[in-house]
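Comments concern the structure below.
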Amino acid sequence: MISRSLSEDENDLIGFELARDGVGLILHLQNEVPALSRRQIVDIFTGKVTDWEDVGGRPGRITVVNKAEGRSTLELFLAYFDLGVRDIAAHVVIGDNQQGIKTVAANPGAIGYVSIGTAEFESGAGTPIRLLGLEGVEATVENVKDGTYPLARPLTLVIRPAEKVRLRGFIEFARSPEMHDTILEQFFVPSHP
Amino acid sequence: MFLRTPDSRFAFGLGIGAVCVSSILLLIFLFVTGEALPALKNVGLRGFLFDDAWYPTDESFGLVPMLVSSFVLSVGAILLAGPVGVAAAVYRLYYAPSWIRKPYRWLVLLLAGMPSVVLGLWGLVVLVPLIARIEPPGTSLIAGILVVSLMVAPTVTIMSESALEGVARSSWSGAAALGLSRESTLWNVVLPAARGGIAAGILLAAARAIGETMAVLMVTGNIVQMPDGPFSAVRVLTSNIALEMAYATGDHRAALFVSGLALTILVLLLSLTAARIAGLKNNV
């Protein structure tokens with residue numbers, strides 16, 4: 001199971017997409033910044049912009065919340081914004097999504113990025129965070145589902161070609177509606193109806 | 001037959017237990033060293049000591065800022081928790097009104113048993129926003145020191161209490177016979193007599209402080225840099241392992257075992273130093 005698609009040099013394996021997960025930027029609920037452009041997001045995360053006033057918000061220092069090295073959310077984020085690990089000027093480094101959400105919820109000047117499904121669930125449960133749209137597309141599970149949200153990744157089941165026949169039943173089951181509840185429980189979007 | 005008496009059989013059993021425990025410790029040490037070896041070979045000790053930063057996925061493995069952070073954080077926590085912990089023990093045993101003593105003891109025991117994530121969560125949602133009013137974002141070395149000192153103070157108190165209670169009653173009667181006040185008996189007779197046990201308590205607390213992971217991870221911000229003040233964000237060695245181990249592969253994973261090894265050696269050095277200090281004092 002990998003949280004990305006197979007790369008071209010991994011053609012000795014076959015992947016089956018089970019679900020999709022979006023990565024969304026989150027802010028504290030009190031942060032009134034309406035939207036951020038790609039350029040502004042890059043400037044914030046590289047430390048060129050350090051005050052919300054400079055990107056159309058109320059004055060206040062920006063706290064950049066970054067993911068720890070090795071996490072695929074970080075890789076996806078860096079690849080999407082075309083950045084290297086050394087370019088990010090973080091103030092806080094976090095491990096999993098929950099920790100990111102708690103950190104941002106406790107700091108009105110913070111900006112971070114986490115799995116959209118988890119963030120949607122938490123903000124629905126009253127945690128003071130909000131998801132920020134990306135390139136004019138709202139960060140919702142709905143938009144991850146129909147593919148319009150740009151920063152998303154497939155969750156892929158990977159097998160060796162030789163095992164294809166033997167595992168057919170299992171793969172069919174993993175992609176069947178019977179698995180939807182399990183996938184939704186993890187706040188992901190099932191890829192197959 | 002050397003196992004003839006019940007006592008010798010008991011001693012034999014105890015011996016086996018002791019060998020088991022110490023060999024498990026040895027095996028853990030060997031395992032960590034073995035897992036760290038590939039990184040030590042590929043990166044070399046020089047890399048870990050002199051690389052300018054920690055970007056393990058980009059071939060940069062500087063560990064020193066995290067070593068220093070671990071050290072500063074636990075020393076800071078002990079400087080706070082040591083005096084407070086000992087003072088709490090002295091107050092409860094000799095000064096507190098009798099109706100306070102029992103509930104107070106329960107309170108200390110409760111705090112000692114508090115899971116570290118709970119304290120970390122409290123630190124993140126209460127303490128960090130308070131510190132952020134002084135200097136945003138609030139996740140900082142000082143937040144870590146405060147949370148950890150709260151966590152280890154009960155250890156100091158409990159150990160000090162048993163050391164103080166172990167001081168012979170005759171010392172008290174002798175001091176009373178000499179006309180010493182309660183205060184000067186404490187300072188000049190009881191506390192010096194109990195210093196071995198108190199030092200052991202502080203040492204135990206220091207070991208816990210340096211090994212603490214979850215609570216520290218939640219409140220210190222985890223940026224790999226030299227601490228340059230109480231408000232700078234730091235990453236300690238334990239947090240580094242917890243943050244990155246889940247998804248680390250290859251040299252990155254081995255490098256995390258190197259941080260584990262460094263941590264073990266740091267604790268070992270601390271214990272040896274503390275044991276030496278305690279030993280010197282007891283021989284006076």
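Every chain is numbered from 1, with letters handed out A, B, ... down the list of sequences. Side chains included, hydrogens not; waters and symmetry mates left out as well; all remaining heavy atoms used. If you're wondering where the values come from, they're calculated on a predicted model, not measured in any experiment.
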Among A:A90, A:P108, A:G60, A:A105, who wins on heavy-atom pairs under 4.5 Å with chain B? A:A90
Which one of A:K102, A:K67, A:H91, A:R86 has the most heavy-atom pairs closer than 4.5 Å to chain B? A:R86
Find the distance between [atom1] ([X]) and [atom2] ([Y]) and round it off to the nearest 0.5 Å.
X: A:E69; Y: B:W54; atom1: CD; atom2: CH2; value: 8.5 Å
X: B:Y55; Y: A:I88; atom1: OH; atom2: CD1; value: 9.0 Å
X: B:T139; Y: A:I94; atom1: OG1; atom2: CD1; value: 11.5 Å

Relative to chain A, which segment of B:A248 carries a heavy atom at a distance below 4.5 Å: side chain, backbone, both, or neither? neither
B:L121 versus chain A, heavy atoms under 4.5 Å apart: side chain, backbone, both or neither? side chain
Can you confirm whether B:Y247 is buried at OH, in the sense that more than 12 heavy atoms of other residues, nucleotides or ligands lie under 6.0 Å from that atom? no
Atom CD of A:E138 with >12 non-hydrogen neighbours under 6.0 angstrom: no
Looking at B:V128, B:V224, B:L124, B:T57, which one has more heavy-atom pairs under 4.5 Å with chain A than the rest? B:T57
Residue among B:V126, B:L217, B:V125, B:T249 with most heavy-atom pairs under 4.5 Å to chain A: B:L217
Could you tell me whether the side chain of B:E244 and the main chain of A:A68 form a donor-acceptor pair under 3.5 Å? no
Looking only at heavy atoms, the pair that brings A:A106 and B:P129 closest together is O-CG, 3.9 Å
